[in-house]
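Some notes on the structure that comes next.
All values below were derived from every heavy atom in this structure, side-chain atoms included, with hydrogens, water molecules and symmetry-related copies excluded. Since the model is a prediction, treat every value here as computed from it, not as a measurement. Lettering of chains follows the sequences in order, A, B, ..., and the numbering in each one begins at 1.
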Amino acid sequence: HFSIPPPPPPPPPLRRPASWENGCAAVFAEALHLGNLLVRYGYIYPLKEPRALQLKPDESPYRFQTPYFWISTRWPATELDYAIYLAKKNIRKQGELMEYEKESYSQLHKRINHTWDFVVMQAREQLRASKQRRKADRMVLECQEQAYWLINRPPVGLSLGFLFSSMFFLFYSTLFGSMELMELIFDPINKDPIMHGCLPSNPWISDDPAHWALNADQVSVPTRLRVERWSFSFMELLNDSMGRKEFMTYLEKEFSAENLCFWQACEDLRHGETSKIVQKVEEVYRQFLAPGAARWVNIDSKTMDKTMEGIKHPHRFVMDAAQMHIYFLMKKDSYPRYLKSELYKSMLAKAIVPQETKKSVFPFMRRQRHSSPSPAKVIATATEQDGQGAGQAGANSSAVSQV
Amino acid sequence: AAAQSRPSALQSGESLATLKNESDSLKKKLEEERAKLHDVELNQVAEKVELVSALSIRTRRVLKGHGNKVLCMDWCKDKRRLVSSSQDGKVIVWDGYTLNKEHAVTMPCTWVMACAYAPSGCAVACGGLDNKCSVYPLSLDKNENLAAKKKSVAMHTNYLSGCSFTNSDMQLLTSSGDGTCALWDVESGQLLQSFHGHTADVLSLNLAPSETGNTFVSGGCDKKANVWDMLPCASVSCRLYDLRADREVAVYQKDSIIFGASSVDFSLSGRLLFAGYNDYTINVWDVLKGNRISVLFGHENRVSCVKVSPDGTSFASASWDTSLRIWA
């Protein structure tokens with residue numbers, strides 16, 4: 001950690017330009033202001049008084065927040081995440097939450113009561129996992145997490161600067177929703193082709209389908225924007241078949257690929273044919289949940305009990321609870337580590353940034369518009385070749401088709 | 001007053017109680033004040049946002065082939081194919097990019113008001129005055145009659161106004177003039193869930209995915225759960241509604257617009273709102289600032305349906321002039 005020393009004393013009277021003091025003080029004031037903003041937005045946090053979100057030029061110690069918790073990563077701080085955090089704190093400190101935290105906790109308990117078992121269970125799991133870390137690391141992580149939530153769910157009395165006064169946090173105002181909408185609209189990940197064009201060109205305008213070819217499901221080299229999207233959220237990574245494949249490769253190196261395989265098998269169950277449900281549930285149980293299973297996944301006992309009960313009357317959503325458990329486990333643990341890995345970084349480095357095709361100066365003959373294979377045909381061939389079995393994302397149920 | 005008469009050293013529990021009372025009365029006061037004031041509108045929040053510069057959106061494709069009004073369309077996930085349905089009873093699958101018609105189905109009824117493309121690209125769903133929603137697997141065998149493989153999935157007691165596949169080909173969500181929405185299992189035709197709550201015709205529906213599941217919103221003649229108001233002549237505005245704050249945050253209307261809007265869709269980023277109107281035009285609205293950016297002419301009759309393509313590179317419009325247009 002570091003601290004901000006008090007402003008430097010002025011240099012000796014000889015040869016001092018008249019503007020020196022003003023200049024020095026002005027720069028310092030601006031630096032302090034910028035520093036204060038950095039603290040308010042959670043990029044650095046105070047160690048001694050975590051709730052005093054300001055930068056004090058008096059040797060108070062500060063620490064840099066880990067990029068995972070930066071607001072700019074736009075990791076959506078959902079109610080579920082906050083509930084899990086408060087539950088962890090509750091368990092760890094045996095009920096000694098701050099007043100505003102207690103209120104939030106009981107409000108959340110009412111609002112998302114239907115997933116409360118999951119919340120408590122996740123909290124216990126995360127605490128158990130953290131106990132296996134070195135004490136120093138654990139304390140740092142706890143500080144980071146606390147700092148993050150102080151920014152994202154500030155108590156009454158704290159505010160996020162220009163946004164709005166503290167009382168607005170007590171109930172949901174349209175101002176809050178509007179700010180969220182604005183953030184969504186201006187997120188660079190959601191670059192709007194109709195407003196800003198796309199690279200190399202918009203196929204509808206240029207009659208060149210290169211944009212679709214470069215972004216097709218299966219390409220040898222993905223575009224940079226596509227790889228960046230994987231870092232936007234875990235859902236983005238999993239929704240992209242290429243991203244999923246890369247993540248699987250990473251998990252295989254970490255010997256935890258069974259988690260993603262299990263998740264995919266559950267997706268296949270949820271989206272597949274009704275007639276195959278019973279068979280698929282049996283397969284999933286055999287491969288992932290049975291004692292001594294080849295690709296056994298770690299589910300807590302309560303969820304396991306619930307799932308085993310459900311298996312007696314198998315239906316499409318019988319694995320939902322277990323699937324969600326594994327999803328959040330991957331999201332909190334493997335996913336952030338994947339983003340820091342060499343595998344991801346090298347993929348980002350070799351990704352293509354297509355060159356913009358300028359509209360030609362001379363009038364040109366309209367290009368031949370080539371057809372593409374129909375998705376119906378593509379899937380039909382795949383079904384003939386595919387075997388069935390849990391652990392494979394079923395071709396029939398996959399959402400995206402090739403161009 | 002009770003607190004003041006006590007000695008200075010208060011128990012922590014008591015001071016918290018006083019604070020809580022104070023906070024509660026403040027909340028109540030604020031609620032009262034808030035009820036008096038009109039809550040903040042989106043364009044006030046977006047005051048400092050730059051205006052959208054002029055967009056050069058033009059028709060890039062015109063799809064001709066229907067014999068009567070085109071009532072609905074939907075994009076395929078491959079970003080270039082689409083399905084359209086018409087009053088003439090026909091459902092056509094096009095490659096919008098090449099203008100090729102790839103499949104055509106003749107329905108047993110006229111006024112096919114709803115159609116949807118399956119996520120896999122292997123089937124389409126459609127229905128209308130037959131009160132049903134049927135799924136047609138798409139076969140590339142030119143000799144095969146698509147109608148032969150038709151599967152009746154949904155049954156309503158009034159016209160089908162909307163249909164949409166959920167995340168997979170296996171489940172279908174429908175809305176109907178009978179005032180209900182329903183979720184169906186495609187393979188068995190079984191009704192999985194029924195949604196009652198509208199007191200009048202349900203005219204449209206839309207899905208919103210999230211980490212923990214799916215939600216959908218439906219809009220109807222009863223003005224309930226409206227994302228946009230559909231009563232023609234009664235209202236010519238499009239409205240943006242914040243479901244969590246339970247309030248309307250923006251209205252998109254102009255004095256010069258006197259015909260109702262039939263269909264809307266957001267651009268990829270959400271900054272633009274494309275709305276098709278009964279005066280044959282499409283208006284492009286700035287969602288944040290509330291002003292109209294452009295008017296698009298081209299259709300020669302009412303615009304019945306507007307949808308942005310899956311990758312946001314274009315949007316399609318269906319019209320009573322029997323054609324579809326793709327704009328970019």
Side-chain angles (χ1 to χ4, degrees), chain A residues 78 80 99 115 156 167 170-179 181-182 184-187 190-195 198 202-205 209 211-212 215 233-235 270-275 316 320 324 327 369-372 374-380 395-403, chain B residues 16 19 23 26-27 30-31 34 39-42 45-46 49 52 55 57 60-61 76-81 95 97-100 102 119-123 137-140 167-170 185 187-188 211-212 242 244-245 247 249 267-272 287-288 311-315 326 328:
Chain A
T78 63
L80 200 60
E99 267 313 302
T115 57
V156 175
M167 289 308 258
L170 290 178
F171 34 82
Y172 210 96
S173 79
T174 56
L175 183 58
F176 198 59
S178 303
M179 297 301 298
L181 178 61
M182 275 177 66
L184 208 71
I185 285 175
F186 288 110
D187 196 326
N190 287 333
K191 196 125 182 271
D192 202 323
I194 288 181
M195 286 181 68
C198 56
N202 187 324
W204 298 104
I205 300 175
H211 173 74
W212 289 329
N215 288 289
S233 78
F234 191 38
M235 260 281 97
R270 285 178 68 203
H271 300 316
E273 293 121 294
T274 311
S275 55
R316 191 177 290 277
D320 272 12
M324 196 146 80
Y327 173 87
R369 293 169 182 165
H370 295 288
S371 36
S372 67
S374 167
K377 189 179 189 174
V378 169
I379 302 293
N396 274 340
S397 52
S398 86
V400 189
S401 47
Q402 284 191 42
V403 169
Chain B
L16 275 174
L19 278 176
S23 154
L26 270 172
K27 269 194 227 182
L30 213 71
E31 213 28 306
R34 195 180 146 199
D39 212 291
V40 177
E41 293 216 332
L42 187 52
V45 175
V49 172
V52 174
L55 300 168
I57 301 177
R60 304 291 172 173
R61 301 287 191 279
C76 175
K77 282 227 154 70
D78 78 349
K79 307 151 196 173
R80 48 189 283 171
R81 283 173 171 79
D95 176 349
Y97 188 67
T98 58
L99 300 180
N100 288 343
E102 295 190 343
S120 69
C122 293
L138 296 175
S139 163
L140 287 175
N167 283 336
S168 80
D169 285 19
M170 298 300 148
D185 178 277
E187 236 186 329
S188 63
E211 250 176 2
T212 47
D242 184 332
R244 281 176 294 179
R247 291 177 95 122
V249 291
S267 69
L268 194 66
S269 64
R271 182 69 195 267
L272 306 175
V287 169
L288 293 181
D311 63 354
T313 49
S314 68
F315 68 94
I326 298 179

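Between the side chains of B:Asp169 and B:Ser120, at least one donor N or O lies within less than 3.5 Å of an accepting N or O.
Distance check, rounded to the nearest 0.5 Å: NE2 of A:His271 to CE of B:Met170 gives 11.0 Å. Rounded to the nearest 0.5 angstrom, A:Ile185 CD1 and A:Met195 CE are separated by 9.0 Å.
For a residue to count as touching a neighbouring chain, one of its non-hydrogen atoms must lie under 4.5 Å from one of that chain's; by this rule B:Ser314 touches chain A with backbone and side chain alike. Contact of B:Leu55 with chain A is made through the side chain alone, with heavy-atom distances under 4.5 Å. Looking at A:His211, only its side chain comes within 4.5 Å of chain B, counting heavy atoms on both sides.
Of the listed residues (A:Asn215, A:Asp320, A:Ile194), the greatest number of heavy-atom pairs within a distance under 4.5 Å of chain B belongs to A:Ile194. For chain A, the option among B:Asp185, B:Val287, B:Asp95, B:Leu138 with the highest count of heavy-atom pairs below 4.5 Å is B:Asp185.
Proximity of B:Phe315 to B:Leu272: side-chain heavy atoms (C-beta onward) are nowhere separated by under 4.5 Å.
Relative orientation of the A:Phe234 and A:Tyr327 rings is tilted, given thresholds of 30° and 60° on the angle between their planes.
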